[in-house]
Protein chains: 2
Amino acid sequence: MSSPFAARTSVEAVEEGMLLAPKFDAHGLIPVVTTDAATGEVLMHAYMNEVALLKTLETGEAHYYSRSRQQLWHKGATSGLVQTVQQLLIDDDQDCLLMKVKVFGSGASCHVGYRSCFYRQISPGDEGVEVNRPIALTFTEKTKTFDPATVYGGAPNPTQL
Amino acid sequence: MSSPFAARTSVEAVEEGMLLAPKFDAHGLIPVVTTDAATGEVLMHAYMNEVALLKTLETGEAHYYSRSRQQLWHKGATSGLVQTVQQLLIDDDQDCLLMKVKVFGSGASCHVGYRSCFYRQISPGDEGVEVNRPIALTFTEKTKTFDPATVYGGAPNPTQL
């Protein structure tokens with residue numbers, strides 16, 4: 001298939017070059033770190049396939065590939081929490097994207113209702129980490145920004161065990 | 001193998017629970033987004049396996065799993081750019097980590113010599129994205145923080161085509 005992505009011909013071209021040559025993994029996906037362009041807060045971590053990346057570039061709105069639903073995912077199509085891309089960066093070996101966005105409305109991006117998906121920190125405590133002793137999490141966001149039951153209705157939860 | 005990680009028994013426990021129950025992928029890996037704790041800047045995106053995560057928690061210094069070298073990777077062991085963990089968060093479905101670190105020395109984290117691995121932005125230009133027209137990148141960091149040839153010597157470059 002012809003595409004606007006450059007071939008990955010040398011390490012130097014990939015690392016120091018001026019052409020986009022993304023590396024998609026064995027499943028055709030590339031990870032994306034999404035941050036709030038205004039605050040720098042990391043909001044979520046997701047994946048794009050080739051179609052999602054091109055859609056994002058064409059529309060200026062974040063499109064991902066949903067691994068749980070196995071389809072193109074226009075973020076906000078259900079919730080209204082559309083992400084407008086302010087800046088899209090790629091890393092040294094071009095196998096990861098960093099997308100700085102403005103979130104519509106409440107500014108939330110997490111399907112559980114929190115602003116960021118990263119609302120819990122790992123807190124092993126003074127006794128440290130030991131086999132068979134569970135490691136505690138503590139919440140860094142105290143309240144949800146929106147009620148997922150209202151926003152998503154009966155849509156299936158994307159979290160997989 | 002017994003471990004301090006909780007079983008992933010329900011979506012509710014994973015998303016709203018107070019125990020660490022990370023999901024490692026088919027290769028035994030979990031992605032990690034690393035940011036500068038002081039500035040919030042996203043520095044790098046890498047992976048941990050179970051051993052690397054436990055080592056990180058035990059020592060307070062970032063340990064990853066190097067996919068190119070296929071071994072535990074104590075960040076900074078060669079370069080001296082050790083990352084001290086200030087905060088470690090996990091996302092809603094517990095399949096991604098966010099690690100806020102303090103970087104020793106020059107503050108750089110990218111093996112190419114830049115501060116962040118994300119030193120280029122995608123700049124499709126006014127004409128937009130079209131098949132067969134390559135997409136340009138522009139540099140957001142103008143100068144390298146360190147000289148990788150000096151710091152890494154003859155160590156193999158981890159970038160894979």
Side-chain angles (χ1 to χ4, degrees), chain A residues 2-6 8-11 14-20 23 31 33 35 39-42 44-45 54 57-58 87-93 95-98 110-112 114 116-122 124 128-140 157-161, chain B residues 2-6 8-11 14-20 23 31 33 35 39-42 44-45 54 57-58 87-93 95-98 110-112 114 116-122 124 128-140 157-161:
Chain A
S2 65
S3 89
F5 303 133
R8 296 170 62 87
T9 50
S10 73
V11 168
V14 167
E15 291 184 346
E16 310 264 13
M18 309 278 286
L19 292 179
L20 181 61
K23 183 173 191 171
V33 180
T35 65
T39 65
E41 183 179 29
V42 177
M44 53 185 282
H45 176 278
L54 291 175
L57 289 171
E58 284 162 8
Q87 191 180 30
L88 186 56
L89 300 113
I90 197 155
D91 73 342
D92 41 22
D93 55 354
D95 71 352
C96 181
L97 295 161
L98 170 58
C110 172
H111 78 278
V112 182
Y114 295 99
S116 163
C117 294
F118 298 90
Y119 50 81
R120 287 171 298 181
Q121 68 175 343
I122 300 174
V129 173
E130 268 185 30
V131 167
N132 289 330
R133 185 163 62 207
I135 299 172
L137 299 175
T138 52
F139 281 71
T140 56
N157 187 310
T159 291
Q160 297 187 309
L161 295 179
Chain B
S2 64
S3 90
F5 303 133
R8 296 170 61 88
T9 50
S10 74
V11 168
V14 168
E15 290 185 346
E16 310 264 11
M18 310 279 285
L19 292 180
L20 181 61
K23 183 173 191 171
V33 180
T35 66
T39 66
E41 183 179 30
V42 177
M44 54 183 282
H45 176 278
L54 292 175
L57 290 170
E58 285 162 7
Q87 192 180 28
L88 185 57
L89 300 113
I90 196 155
D91 73 342
D92 43 21
D93 56 354
D95 70 353
C96 182
L97 295 160
L98 170 58
C110 171
H111 77 280
V112 183
Y114 295 99
S116 163
C117 294
F118 298 91
Y119 51 80
R120 286 171 298 180
Q121 68 175 339
I122 300 174
V129 174
E130 267 185 33
V131 166
N132 289 331
R133 187 164 58 207
I135 300 172
L137 299 175
T138 52
F139 281 71
T140 57
N157 188 308
T159 291
Q160 297 186 310
L161 296 179

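Chain identifiers are assigned alphabetically (A, B, ...) following the order of the sequence lines, protein sequences preceding nucleic acid strands; residue numbering begins at 1 within each chain.
- By the salt bridge (Lys or Arg N to Asp or Glu O under 4.0 Å) test, B:Glu130 pairs with B:Arg133, sequence neighbours left out.
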Self-check item: Worked verdict on A:Leu98 versus B:Gln121 for side chain to side chain contact (heavy atoms under 4.5 Å, CB included)
Solution: CA-CA 9 Å; A:Leu98 170 58; B:Gln121 68 175 339; over 6 Å; no

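- Across A:Val14, A:Leu20, A:Asp92, the residue that shares the most heavy-atom pairs under 4.5 angstrom with chain B is A:Asp92.
- Chosen from B:Lys23, B:Glu58, B:Glu41, the residue pairing most often with chain A at heavy-atom distances under 4.5 Å is B:Lys23.
- Residues forming a salt bridge (Lys or Arg N to Asp or Glu O under 4.0 Å) with A:Glu15 (at least two apart in sequence, or on another chain): none.
- The contact between A:Pro124 and chain B is made entirely by side chain atoms (from C-beta outward), counting heavy-atom distances below 4.5 Å.
- Two residues are said to be in side-chain contact when any heavy atoms from C-beta on lie closer than 4.5 Å; A:Gln87 and B:Thr140 meet this criterion.
- For the set B:Leu88, B:Leu161, B:Val131, the count of heavy-atom pairs under 4.5 angstrom toward chain A peaks at B:Leu161.
- Residues A:Phe118 and B:Cys96 have side chains in contact (heavy-atom distance under 4.5 Å, counting atoms from C-beta outward).
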Practice problem: Assess whether side chain to side chain contact (heavy atoms under 4.5 Å, CB included) is satisfied between A:Leu57 and B:Ile135, documenting all intermediate values. | Solution: CA-CA 10 Å; A:Leu57 289 171; B:Ile135 300 172; 3.8 Å; yes

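- Interface remark: A:Asn157 contributes side-chain atoms only to the contact with chain B (heavy atom separation under 4.5 Å).
- If you tally non-hydrogen atom pairs under 4.5 Å between each of A:Leu97, A:Thr35, A:Thr39 and chain B, the highest count goes to A:Leu97.
- In this structure, A:Leu19 and B:Pro134 approach most closely via the heavy-atom pair CD2-CB, 3.7 Å.
- In this structure, the portions of B:Tyr119 lying under 4.5 Å from any heavy atom of chain A include both its backbone and its side chain.
- Contact count versus chain A (heavy atoms, under 4.5 Å) is highest, among B:Gly40, B:Gly128, B:Ala6, B:Ser10, for B:Ser10.
- Ranking A:Val11, A:Asp93, A:Thr159, A:Thr9 against chain B, the residue ahead of the rest is A:Thr159, based on heavy-atom pairs under 4.5 Å.
- For a residue to count as touching a neighbouring chain, one of its non-hydrogen atoms must lie under 4.5 Å from one of that chain's; by this rule B:Ala136 touches chain A with backbone and side chain alike.
- A donor-acceptor contact shorter than 3.5 Å is absent between the side chain of A:Arg120 and the backbone of B:Leu89.
- Residues B:Phe139 and A:Glu16 come closest through the heavy atom pair CZ-O, 3.4 Å.
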Practice problem: Dump the intermediate steps for side chain to side chain contact (heavy atoms under 4.5 Å, CB included) on B:Asp91 and A:Met44, then the final yes or no. | Solution: CA-CA 8 Å; B:Asp91 73 342; A:Met44 53 185 282; over 6 Å; no

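- Formation of a donor-acceptor pair under 3.5 Å by the B:Arg8 side chain with backbone atoms of A:Gln160 is found in this model.
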